[in-house]
Amino acid sequence: MTFYQRAKMRKCEAVVILTATLVLTITTTIEAQGSWEIVVANAGIASMHTAVTSYGTVVLLDRTDTGASQINLTAGRCRDDAQDLTLQHDCTAHSVIFTPWTNSIRPLFIQTDTWCSSGQFFSDGTLVQTGGNYDGFSKVRRFTPCATDGTCDWVESTDEFLQNGRWYATNQLLPDGSRQIIVGGLVAFTYEFIPANGAGATTLPFLQQTDDAQNDNYYPYVHLLPDGTLYIFANRDSIILNYETNTVVKTFPTIPGEPRNYPSAGSSVLLPLHGSDGYSTVEVLICGGAQYGAFLNVSTFPPASQTCGRITVTSSSPAWEMEDMPYRRTMGDMLLLPTGNVLIINGAQNGCQGYGHAINAALNPVIYEPDAASGERFVTQSATTIARVYHSTANLLPDGRILVAGSNTYQSYTFTGDFPTELRVEAFSPDYLSSANNNIRPTILTTPGSITYGSNFVVTASVNELVTGNLVITLISAPFTTHSYSQGLRLLVLPVVSQTTTGTNSYSITVTSPPSGTVAPPSYYMLFVVNQGIPSTAAWVHVSS
């Protein structure tokens, strides 16, 4: 039995008598579907970048240089930027903060262009946002979140700049929690650190080797491994990098099929890390992409990739295990659910990333079950009615819903055509949130606000029905999501030391925290209690030394 209960497909058998001597049994598969709701009818901006803060609020961030948005800045504030390509005096916001429990929006102030930028949370919960285009190319911005009655806002540094301008780069928090590595970008075959602390940008030849005529190595997939090295995937190839010594310590076979990074736009996740094996087995999943040439011949809209590749990067003889998805998909977002399953959502079935480069929206999310048998891992979910293609995002909320925002296939806000600029914000609720599961849904009663590496701690929870077996404790980081990739996303299944009954339907679970910052970089994590595949609402926990 896996640590989560897989989304079950209920089967009904109907017996149909065709003749006196022939009986045909028809098996109808009814899949767990999930449900959709519009939570904000007009957020004022189309979110190109989205991140959930440790207060449970959500930062939505578009770009400047698009002209006016649909939400005004407050208190008479305006943005004056002589370098803006469209509107040099702009009194509208290009970033907002969203509060999920009230569905309210507060405008935020962003000065320079954040188009196709990157980011990650530091260990103290501050969101660091780097690069962009035009006047934002080398900028560093910070957002320190606050309670909903606060006035926190973006702060753009006036004395800290990227050493190489970064457009379409990837950030990863490092094990000490005080540094991030920034990898790649437009003609940026280097990596650097923020803060730099005196270190310069370092050339990474792998980035140049994976470049092609349509630049299929933008937004490289970067995953921190439990030994402190980095798994980096670009185009169709991948390596393990020791960034301290600038040494490639392992190379991997080329993934079959199409290019997988921007502009071909597949997606990637690090599959759940399990404390039961000492976090020693590491697997990466990469799904979707676009045919090579789709970006060079944008009027042809060729069919997107239908494949997922899965590889055990810690294997002595790694190989790609390939599977077909139910739908072709480019520009899909992949994220980890509290159950350990993977949600694949958003995107299109033809074309690639870029303004007007895709058609045939992929409206049905798909859940991928890592522990199911090959050929049985995909469960199709209910379709949305809103196309989410280029510049759309999806993020896990602490209550288990998926916040879906953005989609803009135009240089400026355009509300006509097949894929108009999308200002509505939706929430997708997987089947585990169905009220039919409430009797087995855990409720967290107590959990420490902070935990230290390698220590035991106690979580108490209640469940209406008697629990059979152990409850499961998962930790999930809050990533920075943009362009079909959630930078910094990881999920840990923590070892349970003991579980005791403390009262009617109440349980005390002693759990061992992650052993080090290489397994879980110091930061805020969502802690979920999972019972038979049904998660609680998360509690925020700070993990550190």
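- In this structure, a donor-acceptor pair under 3.5 Å is present between the side chains of N171 and T130.
- Ring-plane geometry between W167 and W115 is classed as perpendicular, the angle between the planes exceeding 60 degrees on a 0 to 90 degree scale with a lower cut at 30.
- Distance CZ/F457 to CG/L527: 5.5 Å, rounded to 0.5 Å.
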Exercise for the section: For T537 and I444, run side chain to side chain contact (heavy atoms under 4.5 Å, CB included): C-alpha distance rounded to whole Å, both residues' side-chain angles, the deciding distance at 0.1 Å, then the answer. Expected result: CA-CA 7 Å; T537 294; I444 294 177; over 6 Å; no
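- Looking only at side-chain heavy atoms (C-beta outward), V58 and N395 stay at 4.5 Å or farther from each other.
- The nearest pair of heavy atoms linking P365 to S382 is CD-O, 3.1 Å.
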Exercise for the section: Could you walk me through whether Q180 and F193 pass side chain to side chain contact (heavy atoms under 4.5 Å, CB included), step by step? Expected result: CA-CA 6 Å; Q180 295 179 22; F193 301 94; over 6 Å; no
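- Contact between G332 and S267 at its shortest, heavy atoms only, is O-CB, 3.3 Å.
- Checked against a 6.0 Å centroid threshold, the rings of Y262 and Y168 count as neighbours.
- Side-chain contact of S35 with R401: a donor-acceptor pair under 3.5 Å is absent, judged by distance alone.
- Between D399 atom CG and S536 atom OG the span is 11.0 Å, to the nearest 0.5 Å.
- If you check the side chains of S305 and R260, you find a donor sitting under 3.5 Å from an acceptor.
- A donor-acceptor contact shorter than 3.5 Å is absent between the side chain of Q291 and the backbone of P302.
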Exercise for the section: Report the C-alpha distance between I240 and F252 in whole Å, list the side-chain angles of each, state the deciding distance to 0.1 Å, and finish with yes or no for side chain to side chain contact (heavy atoms under 4.5 Å, CB included). Expected result: CA-CA 9 Å; I240 291 179; F252 295 89; 3.6 Å; yes
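- N346 CG to S407 OG: the interatomic distance, rounded to the nearest 0.5 Å, is 8.0 Å.
- To the nearest 0.5 angstrom, E426 atom CD is 8.0 Å from I345 atom CD1.
- Using modelled atom types and a 3.5 Å distance limit, the side chains of Y292 and R236 yield no donor-acceptor pair.
- For H391 and H49, the gap between ring centers reaches or exceeds 6.0 Å.
- Residues Q209 and N235 fail the side-chain proximity criterion, which asks for heavy atoms closer than 4.5 Å.
- Judged by distance alone, with hydrogens and angles left aside, the side-chain atoms of R490 form a donor-acceptor pair with the main-chain N or O of L224 at under 3.5 Å.
- Between the side chains of D237 and T210, not a single donor N or O lies within less than 3.5 Å of an accepting N or O.
- A donor-acceptor pair shorter than 3.5 Å cannot be found between the side chains of T307 and D324.
- Looking at N456, its side chain never comes within 3.5 Å of a backbone N or O of T510 through a donor-acceptor pair.
- Between I181 and R179 the shortest side-chain heavy-atom distance does not fall below 4.5 Å.
- For E37 and S429, the side-chain atoms include no donor-acceptor pair closer than 3.5 Å.
- In terms of heavy-atom proximity, M331 sits nearest to A348 at CE-CB, 4.0 Å.
- Side-chain contact between I359 and D418 is absent, with no heavy-atom pair separated by less than 4.5 Å.
- One finds the NE2 atom of H483 at 11.0 Å from the OG1 atom of T393 (value rounded to the nearest 0.5 Å).
- Inspection of the T380 and N364 side chains reveals no N or O donor paired with an N or O acceptor under 3.5 Å.
- The closest side-chain donor-acceptor pair between S392 and E422, if any, does not fall under 3.5 angstrom.
- Heavy atoms only, all atoms of each residue included: Y453 and A520 are closest at OH-O, 2.6 Å.
- For the pair I311 and V313, the minimum side-chain heavy-atom distance is below 4.5 Å.
- Between atom CG of residue L335 and atom CG of residue N341 there is a gap of 11.0 Å, rounded to the nearest 0.5 Å.
- With respect to the salt-bridge test (charged N to carboxylate O, under 4.0 angstrom), the residues E283 and R310 qualify.
- Counting only N and O atoms by type, the side chains of E244 and N242 include no donor and acceptor under 3.5 Å apart.
- Of the N and O atoms on the side chains of T170 and S118, not one donor lies less than 3.5 Å from an acceptor on the other residue.
- Across every non-hydrogen atom of K250 and P318, the tightest pair is CE-CG, 4.1 Å.
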Exercise for the section: Start with the C-alpha gap between W36 and V404, add the side-chain angles, then the distance that decides, and say whether side chain to side chain contact (heavy atoms under 4.5 Å, CB included) holds. Expected result: CA-CA 10 Å; W36 291 86; V404 181; 4.0 Å; yes
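- The closest side-chain donor-acceptor pair between T202 and N246, if any, does not fall under 3.5 angstrom.
- For the 3.5 Å distance criterion, the side chains of N215 and D211 qualify, holding a donor opposite an acceptor.
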